[in-house]
K.L.:
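Supplied in structure tokens, the structure appears directly below.
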Number of protein chains: 2
Amino acid sequence: MAKENSKQELGALVAQACVQRPRERIVASAQDLFHRHGIRGVGVDAIAEAAGTNKMTLYRHFGSKDDLILEYLNYKGKKSDEIWAEIEGESPNDPAGQLYGFVEKAAKFITEDERGCDLANAAVELTEQGHPGLRVIEEFKVRQRDRLAGLCQAAGASQPGLLADALVLLIEGARVSRRSVGTEGPSANFVRTSEAVIASFGIPPKDRPGRAPSV
Amino acid sequence: MAKENSKQELGALVAQACVQRPRERIVASAQDLFHRHGIRGVGVDAIAEAAGTNKMTLYRHFGSKDDLILEYLNYKGKKSDEIWAEIEGESPNDPAGQLYGFVEKAAKFITEDERGCDLANAAVELTEQGHPGLRVIEEFKVRQRDRLAGLCQAAGASQPGLLADALVLLIEGARVSRRSVGTEGPSANFVRTSEAVIASFGIPPKDRPGRAPSV
DNA sequence: CCGGAATGTTACCGATCGGTATCTAGTGAT
DNA sequence: ATCACTAGATACCGATCGGTAACATTCCGG
């Protein structure tokens with residue numbers, strides 16, 4: 001087996017630079033390392049070292065690596081909640097606008113983050129059936145889908161549930177495709193396809209910035 | 001870390017039962033174990049034992065675990081070629097029929113295989129940048145998309161490339177979603193959504209079996 | 001029947017895995 | 001100054017990782 005990347009762990013150093021307490025530094029390092037190398041590709045030693053502390057202190061805060069994984073997964077869920085709040089703030093009382101905002105936000109993540117969805121990736125790595133992390137992932141994905149469905153309904157979609165499912169498939173697909181074949185592959189057409197699908201469910205296309213309204 | 005599944009490795013025993021030469025038994029076991037537990041979740045010892053042989057013989061046929069991984073990846077690509085041949089055989093000289101056949105075939109895999117696409121999963125696990133397996137995965141995914149695009153064009157789609165990309169996103173998304181939230185989630189609507197998208201590109205919907213033609 | 005190739009067996013290598021014990025050094029509040 | 005709590009340091013545990021050396025055995029073609 002060829003050896004893993006050993007180039008400088010930038011994010012980890014950043015985590016160390018912040019003078020937070022060890023617990024915060026540990027979770028920050030775990031976020032960064034799990035994201036970059038995968039859950040099974042990172043050992044607790046590496047996390048502790050990246051956090052500028054040691055394994056003993058890590059185990060005083062987290063009973064096991066699995067605990068740390070759960071922390072990682074839940075954190076990603078909270079991050080997503082923040083993004084939903086952003087979207088709502090940018091288009092208050094405008095479900096259709098929020099829907100398009102969501103698509104654009106998703107597109108941004110697809111192009112900027114080469115590693116794809118951390119939750120979906122974790123589901124691939126957690127092959128041990130019944131692993132507690134799988135429940136966290138499922139709950140998050142279901143919540144995400146239901147939120148999307150609520151938005152579709154509020155925006156007046158003809159079949160909100162079906163539209164939400166279609167958008168979920170497109171988003172998940174774009175993230176995983178971006179990982180396999182890069183930004184020039186099928187994920188490049190994610191926004192165009194998503195907007196076409198949304199429109200086909202009876203939701204009027206959004207006003208493109210810079211283009212005068214047709215009335 | 002909780003321990004990995006240790007329930008009987010059925011497929012492995014099957015591989016052992018077939019009286020092929022060690023090499024074939026090894027690749028068969030690797031297929032099965034990599035698929036079920038992920039690449040990083042399986043050691044060479046486990047593969048050798050599942051193949052009814054030992055590590056030494058394994059290393060006489062494969063120089064490293066990475067070599068075995070490449071064998072695994074390439075095998076999946078060949079399997080896919082066979083499926084394309086099936087599709088062509090079932091609807092000869094009927095591009096639109098092959099397109100719908102592809103969607104149905106994909107749906108079958110989505111529901112039957114809980115682990116999703118092995119190539120996409122491998123891309124998640126192979127975090128070491130520049131790993132030779134990543135090239136194999138990319139080549140396969142590109143080939144798959146181009147084949148799909150060719151079919152879309154032959155079927156007379158208005159924008160064949162765009163339709164092919166959309167279908168790729170839907171398929172990839174359905175496979176990864178099925179893994180996170182099961183068959184009752186968004187992937188349940190994969191066929192309906194895909195057929196709607198295909199139709200929206202100007203390709204006539206296929207004749208549903210059991211429904212009389214409208215003329 | 002013989003000889004070479006393929007396979008099996010066992011033991012080993014250094015490294016890393018997740019996790020723990022022990023002891024010391026620092027810290028802040030009273 | 002004291003005391004309890006937090007954190008650092010180091011060594012260790014058994015298990016497993018990918019990979020190899022050496023030798024015994026089996027098998028098959030000539």
Side-chain angles (χ1 to χ4, degrees), chain A residues 1-6 9 12 15-30 33-34 37-72 122 125-128 131-133, chain B residues 1-6 9 12 15-30 33-34 37-72 122 125-128 131-133:
Chain A
M1 182 83 94
K3 40 180 172 296
E4 195 77 8
N5 307 341
S6 61
E9 307 287 342
Q16 190 176 354
C18 300
V19 280
Q20 297 169 314
R21 316 213 65 184
R23 189 178 209 281
E24 280 71 40
R25 300 199 313 258
I26 289 168
V27 304
S29 296
L33 292 175
F34 282 157
H37 306 300
I39 290 175
R40 288 201 287 216
V42 176
V44 286
D45 281 292
I47 295 171
E49 191 190 344
T53 179
N54 52 62
K55 199 161 50 166
M56 201 56 240
T57 299
L58 187 153
Y59 275 101
R60 286 199 190 97
H61 289 284
F62 304 94
S64 66
K65 186 184 178 182
D66 277 344
D67 283 7
L68 206 45
I69 292 171
L70 289 179
E71 191 82 11
Y72 169 65
E125 292 208 90
L126 269 24
T127 56
E128 170 196 352
H131 189 291
Chain B
M1 181 83 92
K3 39 183 174 294
E4 195 77 9
N5 307 340
S6 60
E9 307 287 342
Q16 191 176 354
C18 300
V19 279
Q20 296 168 313
R21 316 213 63 184
R23 189 178 209 280
E24 281 70 40
R25 299 199 314 256
I26 289 168
V27 305
S29 296
L33 292 176
F34 283 157
H37 306 300
I39 290 174
R40 288 200 289 215
V42 177
V44 286
D45 281 292
I47 295 171
E49 191 190 346
T53 178
N54 52 63
K55 198 161 50 165
M56 202 56 243
T57 299
L58 188 152
Y59 274 102
R60 285 196 191 100
H61 289 284
F62 304 95
S64 66
K65 185 183 179 182
D66 277 344
D67 283 8
L68 206 43
I69 293 171
L70 290 180
E71 191 82 10
Y72 169 64
E125 292 207 88
L126 268 22
T127 57
E128 170 197 352
H131 190 290

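Lettering of chains follows the sequences in order, A, B, ..., and the numbering in each one begins at 1.
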K.L.:
Rounded to whole angstrom units, what separation is found between the NZ atom of B/Lys55 and the C1' atom of D/dC17?
P.N.:
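Distance, rounded to whole Å: 8 Å.
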K.L.:
Answer whether the closest heavy-atom distance between the side chains of A/Val27 and A/His61 falls below 4.5 Å.
P.N.:
no
K.L.:
B/Glu24 has an atom CD; how far is it from atom P of C/dA6, in whole Å?
P.N.:
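Roughly 14 Å, once rounded to whole Å.
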K.L.:
From the list C/dG18, C/dC23, C/dG8, which nucleotide is the closest neighbour of the side chain of B/Arg60?
P.N.:
C/dG8
K.L.:
Separation of B/Glu49 atom CD from C/dT9 atom P, in whole Å?
P.N.:
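After rounding, the gap between these two atoms is 12 Å.
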K.L.:
Please check if any side-chain donor atom of A/Thr53 sits under 3.5 Å from a side-chain acceptor atom of A/Arg60, or the reverse.
P.N.:
no
K.L.:
Counting side-chain heavy atoms from CB outward, which of C/dT9, D/dG8, D/dG18 is closest to B/Tyr59?
P.N.:
D/dG18
K.L.:
What is the separation between atom NZ on A/Lys65 and atom C1' on C/dG19, rounded to the nearest whole Å?
P.N.:
12 Å
K.L.:
What's the closest nucleotide to the B/Asn54 side chain, out of D/dA7, C/dT9, C/dA21?
P.N.:
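Looking only at heavy atoms from C-beta outward on B/Asn54, the closest nucleotide is C/dT9.
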K.L.:
Below the 4.0 Å mark, does D/dT6 have OP1 or OP2 next to a side-chain nitrogen or oxygen of A/His61?
P.N.:
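Looking at the OP1 and OP2 atoms of D/dT6, neither is under 4.0 Å from any side-chain N or O of A/His61.
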K.L.:
Please report the distance, rounded to the nearest Å, between CZ in B/Arg40 and P in C/dT16.
P.N.:
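Interatomic distance, CZ of B/Arg40 to P of C/dT16: 16 Å.
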K.L.:
From CD1 of B/Ile47 over to C1' of D/dC17, roughly how many Å is that when rounded to an integer?
P.N.:
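Between C1' of D/dC17 and CD1 of B/Ile47: 12 Å.
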K.L.:
When you compare the side chain of A/Phe62 with that of A/Leu70, does any pair of heavy atoms fall below 4.5 Å?
P.N.:
no
K.L.:
Roughly, in whole Å, what's the span from CZ in B/Phe62 to P in D/dG18?
P.N.:
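That distance rounds to 15 Å.
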K.L.:
Let me know, please, whether A/Ala46 or B/Met56 comes out on the 5' side of the other along DNA chain C by nearest nucleotide.
P.N.:
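In this pair, the answer is B/Met56.
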K.L.:
Once you round it to whole Å, what is the distance between C1' of D/dG18 and CG of B/Asp66?
P.N.:
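It is 10 Å, rounded to the nearest whole Å.
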K.L.:
For the atom pair CG (A/Leu58) and CD1 (A/Ile26), what is the distance rounded to the nearest 0.5 Å?
P.N.:
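Separation between the atoms: 4.5 Å.
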K.L.:
Among the nucleotides C/dA6, D/dA7, C/dG18, which one has an atom lying closest to any side-chain atom of A/Thr57?
P.N.:
D/dA7
K.L.:
Does either side chain, that of A/Arg40 or that of A/Thr127, offer a donor lying less than 3.5 Å from an acceptor on the other one?
P.N.:
yes
K.L.:
What nucleotide among C/dC17, D/dG18, D/dA21 has an atom nearest to a side-chain atom of A/Asp45?
P.N.:
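Out of C/dC17, D/dG18, D/dA21, the nucleotide with an atom closest to A/Asp45's side chain is C/dC17.
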